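In this text the structure is predicted, and so the values were computed from the model without any measurement. Within every chain, numbering begins at 1; the chains are lettered A, B, ... in the order of the sequence lines, protein sequences first and strands thereafter.
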Number of protein chains: 2
Amino acid sequence: MVSVRADARRNRDRIVEVARGLFRAKGYDAVSMDEVAKAAEVGTGTLYRHFPTKEELYDAVLEAWADRVNGAVDRALSLDAPARERLLAWLRDFAGMLTEHKGAAARITAALGDASSPFAAKCQTYLGANERIIEGLASAVRPGVEAMQISRLVGGAAAVADSSDLSPDALASMLEIVADGLLVPEGANLADR
Amino acid sequence: MVSVRADARRNRDRIVEVARGLFRAKGYDAVSMDEVAKAAEVGTGTLYRHFPTKEELYDAVLEAWADRVNGAVDRALSLDAPARERLLAWLRDFAGMLTEHKGAAARITAALGDASSPFAAKCQTYLGANERIIEGLASAVRPGVEAMQISRLVGGAAAVADSSDLSPDALASMLEIVADGLLVPEGANLADR
DNA sequence: AAATATACGGAGAGTGTCTCCGTTTTGCAA
DNA sequence: TTGCAAAACGGAGACACTCTCCGTATATTT
């Protein structure tokens, strides 16, 4: 009983590789499954046996993301800079990863609360990353701020930037506003709130 | 010159009315044009002559919005409350209108920079409203904040809340973060309270 | 080499948006 | 009132998607 036939593995790998290229070039929505099948030189039936939905295919395309996400958190937290800069470094990376493939930010962000989504594992990674950020920045973060809120706010901003083809600068300026909303104001007395 | 035939006007009005009911009940994406045509008892050809795209139909469904938007601005600005409360009152109304029909927030927000969108006029209304808010709250708003940024941030948050079926409270808590990011931190400027 | 489990591939079902064009209705004019 | 263009109607169907079914081909085992 050999678990996986050799041709199956070969096809699967080629599909993922080809799909990654297409998604990167054209964005999620603009790539059809027929197109992926044709480019990978398999029948649509084969494609759909390996990946029952387009989202599951996309999930397979994003493989090393957990590492990349956690790496970005490490990098941001280890910066020798004020909390605002460290937070912004992370938010920019976070948003950057979400907008890496056109059309993906909205999808991934929408899956944040959905445990049955193919992206559920990725979402957990994001939530965990934002939890680490909250902990890492400690008292610089306003009390009551939750990882889910950060994920949703940044995901929402990234989705808008993505769908409107905003420049990285325009997105960054939105992230600055979010960052200011997340952090305790400098020099202000928090007890008032 | 009787520009419009009576049957045409009757059909158009009935289509808009029926479509509004369907969009409200099921959300933008879940309503098909065939469904609208059937419910309005016209052929699809008739539907499409009146509204060449689904978005144009949706635009016709949102008719009195300019007034509603400006009314919400007036109401918020005339509140006898701190700047943060007045801003939040507006943001909640703004987000509430965007999430009125499921699936609409993302579409409308994505159109913010697109002059050729059917929603362009609505977007201008929103931008103008946010400009009025910035002016109305005067020095309580952080310098450099633009109406477009507010529109996009709130639109993004509303789109996420919409696609994830968040509770109004969850959305409100996100808006509070945005509000804190938009306003000069308390203690730095008490004049406007 | 035969047998069997596994994978392949592509036609086509189902569902959308939107178009084309023959038919019907309407409003004006004689 | 009746006739006649112009305007509007309606629905079949083109086209694009995602995804399914199932007969055929291939890999692995014995």
Side-chain angles (χ1 to χ4, degrees), chain A residues 1-19 22-23 25-61 101-104 106-107 110-111 116-119, chain B residues 1-19 22-23 25-61 101-104 106-107 110-111 116-119:
Chain A
M1 222 213 278
V2 173
S3 43
V4 186
R5 246 168 65 169
D7 53 345
R9 167 162 293 281
R10 232 180 307 128
N11 277 335
R12 207 203 105 104
D13 292 349
R14 198 167 66 257
I15 288 170
V16 171
E17 192 178 351
V18 161
L22 287 173
F23 284 140
K26 310 175 61 172
Y28 183 89
D29 292 325
V31 175
S32 78
M33 291 297 264
D34 280 4
E35 191 179 353
V36 173
K38 193 156 292 185
E41 296 177 305
V42 299
T44 58
T46 300
L47 171 55
Y48 273 95
R49 185 159 359 77
H50 285 296
F51 307 100
T53 67
K54 191 177 177 183
E55 292 205 333
E56 282 180 66
L57 170 60
Y58 188 68
D59 182 62
V61 163
H101 301 110
K102 200 156 171 40
R107 249 160 225 285
S116 69
S117 158
F119 303 137
Chain B
M1 231 211 279
V2 172
S3 40
V4 186
R5 251 168 62 168
D7 55 346
R9 165 164 297 280
R10 232 180 306 128
N11 277 336
R12 208 203 102 105
D13 291 349
R14 197 167 65 257
I15 287 170
V16 170
E17 192 176 350
V18 161
L22 286 173
F23 284 139
K26 312 176 58 172
Y28 183 89
D29 293 326
V31 174
S32 77
M33 290 297 265
D34 281 3
E35 192 179 351
V36 172
K38 192 157 293 183
E41 296 177 304
V42 298
T44 58
T46 301
L47 172 55
Y48 273 95
R49 188 164 353 79
H50 285 296
F51 306 101
T53 67
K54 192 178 177 183
E55 292 205 332
E56 281 180 67
L57 169 60
Y58 188 69
D59 182 63
V61 162
H101 301 107
K102 200 157 170 43
R107 248 159 226 286
S116 69
S117 158
F119 303 138

Novice: Grab the NZ-P distance between A:Lys38 and C:dC8 for me, whole Å please.
Specialist: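 Going from NZ in A:Lys38 over to P in C:dC8 covers 18 Å.
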Novice: In the 5'-to-3' direction, what one-character label does each nucleotide of nucleotides 20-25 of chain C receive under the scheme B = base within less than 4.0 Å of a protein heavy atom, S = sugar-phosphate only, - = no such atom?
Specialist: B----B
Novice: Of all of residues 51-59 of chain B, which get a heavy atom below 4.0 angstrom from DNA chain C, listed by number?
Specialist: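 The stretch gives B:Thr53, B:Lys54 as the residues lying under 4.0 Å from the strand, ordered by number.
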Novice: If every non-hydrogen atom of A:Met33 is compared with every non-hydrogen atom of A:Phe51, which pair is closest and at what distance?
Specialist: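 In this case the closest contact between A:Met33 and A:Phe51 is CE-O, 4.3 Å.
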Novice: Would you mind reading off the distance between B:Met33 atom CE and D:dG11 atom P, rounded to a whole angstrom?
Specialist: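 Rounded to the whole Å, the gap is 16 Å.
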Novice: Please report the closest heavy-atom contact between B:Leu22 and B:Ala39, naming both atoms and the distance.
Specialist: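 For B:Leu22 and B:Ala39, the tightest heavy-atom pair comes out as CD1-CB, 4.1 Å.
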Novice: Enumerate the residues from residues 8-18 of chain A whose closest heavy atom to DNA chain D is under 4.0 Å, giving them by residue number; use none for an empty result.
Specialist: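 Output list: empty, so none.
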Novice: Taking for each residue the nucleotide of DNA chain C bearing the nearest heavy atom, is the 5' side occupied by A:His50 or by A:Asp34?
Specialist: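 Looking at the nearest nucleotide for each, A:His50 comes out on the 5' side.
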Novice: At less than 4.0 Å, is any side-chain N or O atom of B:Tyr48 found next to OP1 or OP2 of C:dC18? Yes or no.
Specialist: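 Yes, within the criterion.
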Novice: Atom CG of B:Leu47 to atom P of D:dC9: distance rounded to whole Å?
Specialist: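 So the CG-P distance, B:Leu47 to D:dC9, works out to 11 Å.
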Novice: Provide, to the nearest angstrom, the distance between the CD atom belonging to A:Glu41 and the P atom belonging to C:dG9.
Specialist: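 So the CD-P distance, A:Glu41 to C:dG9, works out to 10 Å.
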Novice: Taking all heavy atoms of B:His50 and all of B:Ala8, pick out the closest pair and write down the distance.
Specialist: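 Shortest heavy-atom separation between B:His50 and B:Ala8 comes out as CE1-O, 3.4 Å.
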Novice: Name the orientation class of the two ring planes belonging to B:Tyr28 and B:Phe23 (parallel below 30°, tilted from 30 to 60°, perpendicular beyond 60°).
Specialist: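 Because their plane-to-plane angle is under 30°, the rings of B:Tyr28 and B:Phe23 count as parallel.
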